[in-house]
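One-based numbering along the sequence shown.
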Amino acid sequence: CELINRRVVSNYDEIKKEVVINVNSLFRGKTFTHMIDILIILFTNAFYHSGYIDNLSDLVMNFEMTETDTDIILKVQNNLAEFVNKKELKETVLDIQQKLEECIRNREYYNYEGKSGYIKICKILECNLSCQSYMEFGLTVEENAYYIMIEMPKRGMIRKEVQNESVVN
């Protein structure tokens, strides 16, 4: 993921990243490639919609992946530049939520464009990984950051459990 992001965003290394991975399982090969696709969409959104595209050294991204007995939970949060119009962003979030609900209800992921990649994420989760997921996203309570949380069942996604310590970067 890091290598791909460096190719997509020339000054990617300037971004302040806090990464916490607390997963004690190995993903199946096909699952892993789809997870990479999801992560690239999430990171790309942070680059381009945070308001820091011209000054990535001010962008702070928090990434967390945790595992419960039944689920894998992805959380990505990034700060927002002062000039980002919060009212407009809230309206965009509501629009994306409505489009997602319509896509899920109609099971049609190809006829919609949400400009966030979230419809593609839903397609990956439902069609490619065959899992029902829960997605929540929007502004934090303080309205100074944007977050997304995706919770998905690990059944069928995991190859095997391993003993591993948490990795923190």
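Taking the six-membered ring where tryptophan is involved, the planes of Y146 and Y118 are essentially parallel, since the angle between them stays under 30° and well short of 60°.
Separating the CG atom in L100 from the CD atom in Q98 is a distance of 10.5 Å, to the nearest 0.5 Å. In this structure, I96 CD1 and E91 CD are separated by 12.0 Å, a value rounded to the nearest 0.5 Å. Note that the CG atom of L74 and the CD1 atom of I21 stand 9.5 Å from one another [nearest 0.5 Å]. Rounding to the nearest 0.5 Å gives a distance of 12.5 Å between NE2 of H34 and CE of M152. The distance from atom CG of L129 to atom CD1 of I121, rounded to the nearest 0.5 Å, is 11.5 Å. Separation of atoms CE (M65) and CD1 (I73) is listed at 10.5 Å; rounding is to 0.5 Å.
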Under 3.5 Å, sequence neighbours excluded: what are the donor-acceptor pairs made by side chains of residues 80-89?
residue: N85; atom: OD1; partner: K87; partner atom: N; Å: 3.1
residue: N85; atom: OD1; partner: E88; partner atom: N; Å: 2.9
residue: K86; atom: NZ; partner: V84; partner atom: O; Å: 3.3

request  = Could you go through the side-chain hydrogen bond (donor to acceptor under 3.5 Å, both in side chains) check for T140 and Q77 one step at a time?
outcome  = CA-CA 9 Å; T140 58; Q77 181 172 308; 5.5 Å; no

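Counting heavy atoms from C-beta on, the side chains of E67 and N22 never come closer than 4.5 Å. Contact annotation: the side chain of I15 approaches that of F47 to within less than 4.5 Å [non-hydrogen atoms, C-beta and beyond]. Contact of the D95 side chain with the K99 side chain is registered, since non-hydrogen atoms from C-beta on lie closer than 4.5 Å. Counting heavy atoms from C-beta on, the side chains of F63 and L39 come closer than 4.5 Å. Side-chain contact between I119 and K123 is absent, with no heavy-atom pair separated by less than 4.5 Å. Y12 has its side chain out of reach of L56: every pair of non-hydrogen atoms, C-beta onward, lies at least 4.5 Å apart. The side-chain heavy atoms of V23 and T66, taken from C-beta on, include no pair separated by under 4.5 Å.
Not a single donor-acceptor pair under 3.5 Å links the side chain of K75 to the backbone N or O of N62. N78 places no side-chain N or O within 3.5 Å of a backbone atom of H49 that could act as its donor or acceptor partner. Side-chain atoms of N79 come within 3.5 Å of backbone N or O of V60 as a donor-acceptor pair.
For the pairing with I148, the side chain to side chain contact (heavy atoms under 4.5 Å, CB included) check across V76, I41, N45 returns one residue only, V76.
Across L59 and A46, no two heavy atoms sit closer than the pair CD2-O, 4.0 Å.
By the neighbour-count criterion of 12 heavy atoms within 6.0 Å, atom CZ of F32 is sparsely surrounded, having that number or fewer from other residues, nucleotides or ligands.
Tracing side-chain contacts under 4.5 Å through hydrophobic residues (I, L, V, M, F, W, Y), one reaches F43 starting from V19; they form part of the same cluster. Hydrophobic clustering places L139 together with Y48 (ILVMFWY residues linked when any side-chain heavy atoms are closer than 4.5 Å, directly or through intermediates). There is a path of hydrophobic side-chain contacts, each under 4.5 Å, that joins L42 to I53. Linking ILVMFWY side-chain heavy atoms closer than 4.5 Å, directly or via other members, places V93 and Y147 in two distinct hydrophobic clusters. Put simply, I36 and I72 are part of the same group of oily side chains (I, L, V, M, F, W, Y) that touch within less than 4.5 Å, one to the next.
With sequence neighbours left out, the ring-ring contact (aromatic ring centres under 6.0 Å, His included) criterion links Y52 to no other residue.
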